[in-house]
Amino acid sequence: MAGQPAASASPAANPAAAAPAAAPAAAGSGYWHTSGRQILDANNQPVRIAGINWFGFETTNYVAHGLWTRDYKSMIDQMKSLGYNTIRLPYSDDIFKGTQPSGINYSSGMNADLAGLDSLGVMDKIVGYAGAVGMRVILDRHRPDSSGQSALWYTASVPESTWIADLKALATRYRGNTAVIGIDLHNEPHDPACWGCGDTTTDWRLAAERAGDAVLGVNPDLLIFVEGVQSFNGGSTWWGGNLQGAGAYPVELDVAHRVVYSAHEYATSVAQQPWFSDPTFPANMSAIWDKNWGYLFNQNIAPVWVGEFGTTLQSTTDQIWLRTLVQYLRPTGTYGADSFQWTFWSWNPNSGDTGGILNDDWTTVNTAKDAYLADIKAPAFSGGDTGGGSTGGGSTTGGTTGGSTGGTGGKSCAASLHIDNQWSTGFTATVTVTNTGASAVAGWTVGWTWPGGQQETSGWNADIRQTGASVTAANLSYNGALTPSGTAGFGFQGTAAGPFTVPALSCTPS
């Protein structure tokens with residue numbers, strides 16, 4: 001995540017935008033490529049990355065965090081149910097040394113299929129299951145080793161040759177697996193990293209070209225995500241957040257239509273920046289974002305992915321900042337996939353200066369923080385080809401059941417309920433809604449009756465209401481429309497006294 005840069009960015013006029021017609025987020029089939037400011041799937045339909053960072057492989061645990069509490073499949077199911085469609089998965093080059101993950105709970109069958117696997121083997125399982133449920137993964141070279149971040153893409157102990165060899169190894173490992181859409185080459189380059197200076201030891205743009213071409217040489221279907229630097233022409237911003245030089249000095253790769261530029265953006269809980277105390281705040285922010293990275297999108301030069309942004313949301317300034325940034329990133333309901341791409345930092349609650357979407361129990365959701373992102377979430381994608389890595393198996397934490405009801409005009413839908421996590425007095429669950437008909441639906445309502453004294457206490461991504469034992473859940477404004485075979489999800493937490501039978505569900509389309 002972000003470091004502590006120092007200096008201000010001067011506002012600039014908003015460039016004239018080249019505005020293709022807005023389009024709804026697409027199914028995201030196959031491998032993806034770029035066209036102007038959009039990312040397109042294999043059928044040339046625009047897609048929107050609306051995702052979450054799940055860190056841990058880059059730490060001395062050598063595995064995604066939180067598996068000491070939960071099964072990895074229930075984590076991914078919950079991400080999807082909340083409306084996130086992509087996972088950015090940070091790692092360090094240490095995982096290519098046969099590292100053994102620590103901090104995985106195997107009790108009561110939890111994470112059973114991870115037992116005995118090294119870090120790369122666990123990554124295979126996470127990638128495989130994510131693809132199977134319609135999510136995508138961006139692999140992020142976050143650190144050269146688990147000891148910490150580096151300003152440049154190489155260190156004395158991890159030379160450029162190792163960095164490139166490991167990138168190629170990952171690209172080869174997941175060749176043919178469309179769940180992995182691309183690789184973020186290096187996290188947060190910062191001073192003395194430069195852009196366009198021509199010094200091969202510090203020019204990040206030239207290094208990204210060398211690494212990008214190496215990756216595409218073994219897997220030409222991947223997207224290459226290239227972050228910014230810290231400083232350009234005397235102006236500084238967040239580590240990895242300065243893409244001012246990309247217009248004049250673009251990243252040019254041997255395979256066309258593969259570059260996605262990435263910026264990082266943070267609030268005062270990470271560092272106090274001059275723009276937060278500007279008397280015009282937050283009206284000043286759009287011009288700052290335009291200058292540092294937004295112009296690439298506005299001028300139809302390339303897609304822009306805000307790979308990290310986050311806050312503890314404790315201060316009023318941070319709340320205003322996040323609300324302003326979400327609107328700048330363009331709500332999906334208005335612009336569809338003709339929007340900025342993003343992955344929020346972070347899923348993990350143990351990010352010290354931002355916290356996470358999950359609360360400290362690694363199960364319940366920070367619903368206030370998650371709600372800020374509702375307007376820019378986007379549908380999950382179709383299940384990918386999960387070859388090139390082991391696919392996760394079925395649930396180990398609960399059962400599923402479902403039902404469907406028909407409607408007029410070929411409309412029908414089905415719903416299934418999965419118990420993600422259960423303890424002596426409560427549980428969390430995910431419901432997946434699928435359009436099973438031949439026509440698009442504008443909305444859906446799911447209903448069921450609890451078999452015992454279960455009570456829903458909090459939910460997300462649906463309007464959930466319980467009267468007695470009967471529960472109804474209706475879509476929200478951003479997740480009701482489903483194309484044929486399209487899916488949406490919602491989740492909730494409830495109370496229960498001991499195990500219970502999962503109820504049958506009805507689904508009514510509209």
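Note that these values count all heavy atoms, side chains included, but never hydrogens, waters or copies made by symmetry.
- The line from CD1 of Ile464 to OG1 of Thr457 is 9.5 Å long, rounded to the nearest 0.5 Å.
- Residues Arg465 and Asp463 have side chains in contact (heavy-atom distance under 4.5 Å, counting atoms from C-beta outward).
- A tilted orientation is assigned to the rings of Trp68 and His65, their planes being inclined by 30° to 60°.
- In summary, the aromatic rings of Trp32 and Phe225 are positioned with their centroids too far apart to meet the 6.0 Å limit.
- Taking the centre of each ring, Phe344 and Phe309 come in below the 6.0 Å mark.
- Between the side chains of Ser412 and Thr436, a donor-acceptor pair is found at a separation under 3.5 Å.
- The line from CG of Asn284 to OG1 of Thr324 is 9.0 Å long, rounded to the nearest 0.5 Å.
- Put simply, the residue from Asp318, Asp353, Thr317 that forms a side-chain hydrogen bond (donor to acceptor under 3.5 Å, both in side chains) with Thr268 is Asp318.
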Original post:
Step by step, would you call Thr280 with Asp278 a side-chain hydrogen bond (donor to acceptor under 3.5 Å, both in side chains)?
Top reply: CA-CA 5 Å; Thr280 65; Asp278 188 301; 2.6 Å; yes
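- Ring orientation note: the planes of Trp444 and Phe490 are close to parallel, at an angle under 30° on the 30°/60° scale.
- In this structure, Gln38 CD and His33 NE2 are separated by 10.0 Å, a value rounded to the nearest 0.5 Å.
- When atom types are taken as modelled, the side chain of Asp221 and the backbone of Tyr31 share no donor-acceptor pair closer than 3.5 angstrom.
- Atom CD1 of Ile52 and atom CG of Leu89 lie 12.5 Å apart (nearest 0.5 Å).
- Remark: of the listed residues Trp238, Trp275, Tyr328, Tyr328 is the sole one forming a ring-ring contact (aromatic ring centres under 6.0 Å, His included) with Trp289.
- The shortest distance between side-chain heavy atoms of Thr432 and His418 does not fall below 4.5 Å.
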*Could you go step by step and tell me if Lys411 and Cys413 meet the side-chain contact (heavy atoms from CB on, under 4.5 Å) rule?*
CA-CA 7 Å; Lys411 293 182 179 180; Cys413 62; over 6 Å; no
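- In this structure, Trp362 and Pro349 have side chains that are in contact, with non-hydrogen atoms separated by less than 4.5 Å.
- No side-chain donor-acceptor contact under 3.5 Å links Glu456 to the backbone of Gly494.
- Nearest heavy atom pair, residue Asn479 against residue Gly489, reads ND2-O, 4.0 Å.
- The backbone N or O of Asp71 sits less than 3.5 Å from a side-chain atom of Ser74, completing a donor-acceptor pair.
- Checked by atom type and distance alone, the side chain of Arg88 never pairs as donor or acceptor with a backbone atom of Gly51 at under 3.5 Å.
- Within the 4.5 Å cutoff, the side chain of Trp347 has heavy atoms near those of the Leu82 side chain.
- Geometrically, Arg205 does not engage Tyr249 in a cation-pi contact defined by less than 6.0 Å to the ring centre and at most 45° from the axis.
- Contact of the Ser269 side chain with the Thr311 side chain is registered, since non-hydrogen atoms from C-beta on lie closer than 4.5 Å.
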I would like to know whether Ile126 and Phe57 meet side-chain contact (heavy atoms from CB on, under 4.5 Å); could you show each step before the answer? CA-CA 12 Å; Ile126 289 174; Phe57 278 99; 3.9 Å; yes
request  = Tell me, with the steps shown, if Phe232 and Leu243 meet side-chain contact (heavy atoms from CB on, under 4.5 Å).
outcome  = CA-CA 8 Å; Phe232 182 81; Leu243 285 159; over 6 Å; no
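- The closest donor-acceptor contact from the side chain of Tyr295 to the backbone of Gly247 lies under 3.5 Å.
- Nearest heavy-atom pair across Glu265 and Val306 is CB-CG1, 4.5 Å.
- Counting all heavy atoms, side chain and backbone alike, Val137 lies closest to Ala130 at CG2-CB, 3.9 Å.
- Put simply, the side chain of Asn53 reaches to within 4.5 Å of the side chain of Glu308, judged on heavy atoms.
- Not a single donor-acceptor pair under 3.5 Å links the side chain of Gln244 to the backbone N or O of Ala246.
- Side-chain atoms of Arg48 come within 3.5 Å of backbone atoms of Phe340 as a donor-acceptor pair (strictly under, hydrogens ignored).
- A salt bridge links Asp370 with Lys377: at least one charged nitrogen is closer than 4.0 Å to a carboxylate oxygen.
- Between Trp345 and Phe55, the ring centre distance stays below 6.0 Å.
- Using a distance-only test at 3.5 Å, with no hydrogens or angles considered, a donor-acceptor pair links the side chain of Ser510 to the main chain of Gly443.
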Applying side-chain contact (heavy atoms from CB on, under 4.5 Å) to Arg136 and Ile49, what does each step give before you reach the verdict?
CA-CA 9 Å; Arg136 297 294 183 266; Ile49 296 168; over 6 Å; no
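- The aromatic rings of Phe492 and Trp448 lie parallel to each other, their planes meeting at an angle below 30°, with 60° marking the opposite boundary.
- Considering OG1 of Thr34 and CG of Leu223, their distance stands at 7.5 Å, rounded to 0.5 Å.
- Of all heavy-atom pairs spanning Asn242 and Gln230, the tightest one is ND2-O, 3.3 Å.
- With rounding to the nearest 0.5 angstrom, the CD atom of Glu188 is 5.5 Å from the NE2 atom of His264.
- Counting heavy atoms from C-beta on, the side chains of Gln78 and Leu358 come closer than 4.5 Å.
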| message | Test ring-ring contact (aromatic ring centres under 6.0 Å, His included) on Tyr84 and Trp54; report intermediate values, then the result. | response | CA-CA 12 Å; Tyr84 302 104; Trp54 186 15; over 10 Å; no
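- Scanning both residues, Pro379 and Asn85, for their nearest heavy atoms gives O-ND2, 3.1 Å.
- A donor-acceptor contact shorter than 3.5 Å links the side chain of Asn300 to the backbone of Arg37.
- Residues Ser231 and Ser236 share a closest heavy-atom pair of OG-OG, 2.5 Å.
- With Trp342 contributing its side chain and Ile376 its backbone, the two residues share a donor-acceptor pair below 3.5 Å.
- In this structure, Asp184 and Glu227 have side chains that are in contact, with non-hydrogen atoms separated by less than 4.5 Å.
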